[in-house]
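Presented below is the structure to which this report refers.
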Amino acid sequence: MAPLLRTAHTADLTPVELAAARGLLDAAFDGGFGEEDWEHALGGLHVLVRDDTGLLAHGSVVMRRALHRTRWLRVGYVEAVAVRADARRRGLGGQVMDALERYVDGGYDFGALSASADGSALYAARGWRLWPGRISALGPAGVVHLPEEEGSVFVRPASAAAGSLDPSEGLVFDWRDGDVL
């Protein structure tokens with residue numbers, strides 16, 4: 001059968017689908033996809049591509065908040081994008097991103113993601129821009145600068161409400177456990 005794309009909220013995925021997605025991510029990231037990474041991918045919309053051999057690709061978008069200038073903006077944060085090793089270079093990552101970007105563009109002020117070195121080219125080719133400004137998070141003790149995240153965060157303006165994002169103002173993301181971004 002031809003690959004089939006399914007979009008569903010975390011709440012609508014079966015335990016089998018969730019396990020397949022987690023297994024795909026573990027394999028795609030060579031064991032570098034931890035429990036906190038998985039937690040960050042849950043609670044939003046998932047895009048799954050499968051065929052008769054199983055799950056081929058996955059990605060999700062979750063809502064985050066980011067302070068920019070003097071406004072908290074809704075961020076469609078893209079997480080857990082991966083394609084099974086034997087299915088790469090067939091456009092499946094692009095199909096996943098097409099669906100995720102539709103949600104980002106229609107439902108959020110802007111999109112953001114933290115890209116691996118391997119994924120950076122895909123996002124740049126799709127018009128995502130590497131964020132050249134400061135990255136911080138609002139933690140329990142206040143704003144925490146995250147220099148280790150700078151140079152890997154890509155953004156995608158999605159609405160006029162966000163105005164133009166100004167790198168001189170930086171982005172302050174909401175806090176979450178584990179890797180903040």
- line: Distance col, row L4:CG vs R50:CZ, nearest 0.5 angstrom, shows 8.5 Å
- request: Give a yes or no on this: more than 12 heavy atoms of other residues, nucleotides or ligands lie within 6.0 Å of atom CZ of R88.
  value: yes
task: Drop me the distance from L113's CG to L122's CG, to the nearest 0.5 angstrom.
output: 9.0 Å
- prompt: What about V78 and L42, same hydrophobic cluster or not, with Ile/Leu/Val/Met/Phe/Trp/Tyr joined at side-chain heavy-atom distances under 4.5 Å?
  reply: no
message: For the residue pair R176 and Y77, would you count it as a cation-pi contact if the rule is NZ or CZ under 6.0 angstrom from the ring centre and within 45 degrees of the ring axis?
response: yes
message: With a 4.0 Å cut-off on N to O distance, would you call R126 and E101 a salt bridge?
response: yes
- prompt: Is D174 paired with R64 through a side-chain N to carboxylate O contact shorter than 4.0 Å?
  reply: yes
- request: Identify the two heavy atoms, one from G76 and one from V104, that lie closest to each other, and give their separation to 0.1 Å.
  value: O-CG2, 3.9 Å
task: Run the salt-bridge test on D26 and R22 with the 4.0 Å N-O cut-off and return the result as yes or no.
output: yes
query: Hey, quick one: are V62 and L24 part of the same hydrophobic cluster, counting side-chain heavy atoms closer than 4.5 Å, chains of contacts allowed?
result: no
- request: May I ask whether L100 and Y123 are part of the same hydrophobic cluster, defined by side-chain heavy atoms of I, L, V, M, F, W, Y residues being less than 4.5 angstrom apart, directly or through others?
  value: yes
- prompt: Under the side chain to side chain contact (heavy atoms under 4.5 Å, CB included) criterion, do R156 and D105 qualify, and how do the steps go?
  reply: CA-CA 8 Å; R156 177 185 178 91; D105 294 347; 2.8 Å; yes
message: Between H46 and T10, do the side chains contain a donor N or O and an acceptor N or O under 3.5 Å apart?
response: yes
- prompt: Between CD of E17 and CG of L55, what distance do you get to the nearest 0.5 Å?
  reply: 8.5 Å
- request: Please round to the nearest 0.5 Å and tell me the distance separating atom CZ of R102 and atom CG of L45.
  value: 9.0 Å
Interatomic distance, D98 atom CG to L92 atom CG [nearest 0.5 angstrom]: 11.5 Å
- prompt: Which atom pair, heavy atoms only, marks the closest approach of A28 to V83?
  reply: CB-O, 4.3 Å
- prompt: Between L165 and W72, is there a shared hydrophobic cluster once you connect ILVMFWY residues whose side-chain heavy atoms come closer than 4.5 Å?
  reply: no
message: Once rounded to the nearest 0.5 Å, what's the spacing between atom OG1 of T53 and atom CZ of R84?
response: 3.5 Å
